[in-house]
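Every chain is numbered from 1 and lettered A, B, ... according to where its sequence line falls, protein lines coming before strand lines.
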Amino acid sequence: MKKKAEITHPEKIYWPDEHITKGELIEYYRNIAPYILPYMKNRPLSLRRQPNGIKDEGFFQKDASDSVPEWIKTFEILAESTGKMVNYHVVNDVESLLYIANLGCIEMNPWNSTINKLENPDWVVMDIDPSDKNTFDDVIDVALTIKQILDEMGIEGFCKTSGASGMHVYIPFGKKYDYDQARDFAEMLAQLVTERLPKITTLERSLSKRKKNQIYVDYLQNRIGQTLACAYSARPKPGATVSTPLEWSEVQHGLSPKDFTIKNIFDRLDKKGDLFKGVLGKGINLNKALQKLSVPAQD
DNA sequence: GTGTGGA
DNA sequence: TCCACACAACGCTCA
DNA sequence: TGAGCG
């Protein structure tokens, strides 16, 4: 059985403004594989496919078709709402990654948990999702406020650009808690953020009810089956941006998510390495963290 | 992006 | 043989 | 039950 992704239509234009081709996307994933695979390994994958490039709205795909090659790993999960089994792709190696990319999947969206422990996420994620009236400096302020709260709890968080207009802050959970606990923790964090930044943040999910210049702090991404763009995933956005892990010292006004692209990220990785490693670490002690928050330090 | 079915 | 066409999500939340 | 949302 040969493990070899066949690449079709490499000359097809995916980013017309930049004249970036499908072949260049495939090359990006071939080179980024050592960095991105740890965050995709053994996770069910939601595919967002845009086989006609980023100007096309594309479609989501969860169920691997019957025609999936036998060397591609898949994993069946019951979809509660339909009662049907969904056979998810699982990408554990570079050839599988290239197979998925060749389907026109620009953006990789893995679950927050792995197939051997589906109910227990590896991390909590805070999704900072600005309106188009916010500046990226607003997004930075929200990320720094989350960082401040995490500092007060004595726990470490990891920040990345989403590659689009927002940022993601990950907190390692080490498969020690379930999705309900992850969600409750994220909701509490989001609540604290809106208390500290009431002018620019909201927990209101409905777009029509949100004030125009408010950032939605989305804690509901911490549910089974929910996905976000993976660290090091390309995004179907102008400039061919990449969701890029950051040092906290870089998270300051003036930073732009457009600075990190499939063309230039490798220079950065050569210098800084994988800043997201800790996300897969042993995970926080939830009780300890919550105690620190409710009992202010005495001195 | 691919598999199909009818012209 | 060619091409038009079908098909490729889920789950929560709120009204 | 259905529309909205990510």
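Annotation: A:Trp123 is not in aromatic contact with A:Phe173 [ring centroid separation under 6.0 Å not met].
Think of the region where chain A sits on DNA chain B: with heavy atoms and a 4.0 Å cut, that region ends 5' and 3' at B:dG1 to B:dT2. With a heavy-atom cut-off of 4.0 Å to chain A, the contacted part of DNA chain C has its first and last nucleotide at C:dA8 to C:dA15.
A salt bridge links A:Glu107 with A:Arg235; the closest basic N to acidic carboxylate O contact falls under 4.0 Å.
Listed by chain and residue number, nothing satisfies the side chain to side chain contact (heavy atoms under 4.5 Å, CB included) test with A:Lys282 (two or more places apart in sequence, or in another chain). Legend: residues meeting salt bridge (Lys or Arg N to Asp or Glu O under 4.0 Å) with A:Asp17, ordered by chain and number and at least two apart, are A:Lys55.
Judged as a side chain to side chain donor-acceptor pair (under 3.5 Å), the pairs with a partner in residues 78-88 of chain A (not counting sequence neighbours) are, in order, A:Thr74-A:Asn87. Applying the salt bridge (Lys or Arg N to Asp or Glu O under 4.0 Å) test to every pair with at least one member in residues 241-250 of chain A, sequence neighbours left out, gives these pairs: A:Glu247-A:Lys272, A:Glu250-A:Arg268. For residues 253-266 of chain A, every residue pair satisfying the salt bridge (Lys or Arg N to Asp or Glu O under 4.0 Å) rule, not counting sequence neighbours, is listed here: A:Glu24-A:Lys263. Here side chain to side chain donor-acceptor pair (under 3.5 Å) pairs that include residues 188-203 of chain A, with residues two or more places apart or in two chains, are A:Gln148-A:Arg196, A:Glu152-A:Arg196, A:Gln191-A:Glu195.
Residues near A:Leu207 contribute nothing to a hydrophobic cluster around it, because no ILVMFWY side-chain heavy atom sits closer than 4.5 Å to its side chain.
Contact annotation for A:Arg48: no contact, since no heavy-atom pair falls under 4.0 Å across all strands.
Just one residue in the list A:Asn112, A:Asp122, A:Asn109 forms a side chain to side chain donor-acceptor pair (under 3.5 Å) with A:Arg43, and that residue is A:Asp122.
DNA chain B is contacted by no residue of residues 158-170 of chain A, taking any non-hydrogen atom closer than 4.0 Å. Of the residues in residues 8-26 of chain A, those with a non-hydrogen atom less than 4.0 angstrom from any atom of DNA chain B are A:Thr8, A:His9, A:Lys12, A:Tyr14, A:Lys22.
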Below 3.5 Å is the cut-off: list the nitrogen or oxygen pairs between protein and nucleotides 4-6 of chain D, distance only.
{"from": "D:dC5", "atom 1": "OP1", "to": "A:Leu207", "atom 2": "N", "distance (Å)": "3.2"}
{"from": "D:dG6", "atom 1": "OP1", "to": "A:Arg210", "atom 2": "NH2", "distance (Å)": "3.1"}
{"from": "D:dG6", "atom 1": "O3'", "to": "A:Asp218", "atom 2": "OD2", "distance (Å)": "3.4"}
{"from": "D:dG6", "atom 1": "O3'", "to": "A:Gln221", "atom 2": "NE2", "distance (Å)": "2.4"}
{"from": "D:dG6", "atom 1": "N2", "to": "A:Gln226", "atom 2": "NE2", "distance (Å)": "3.4"}

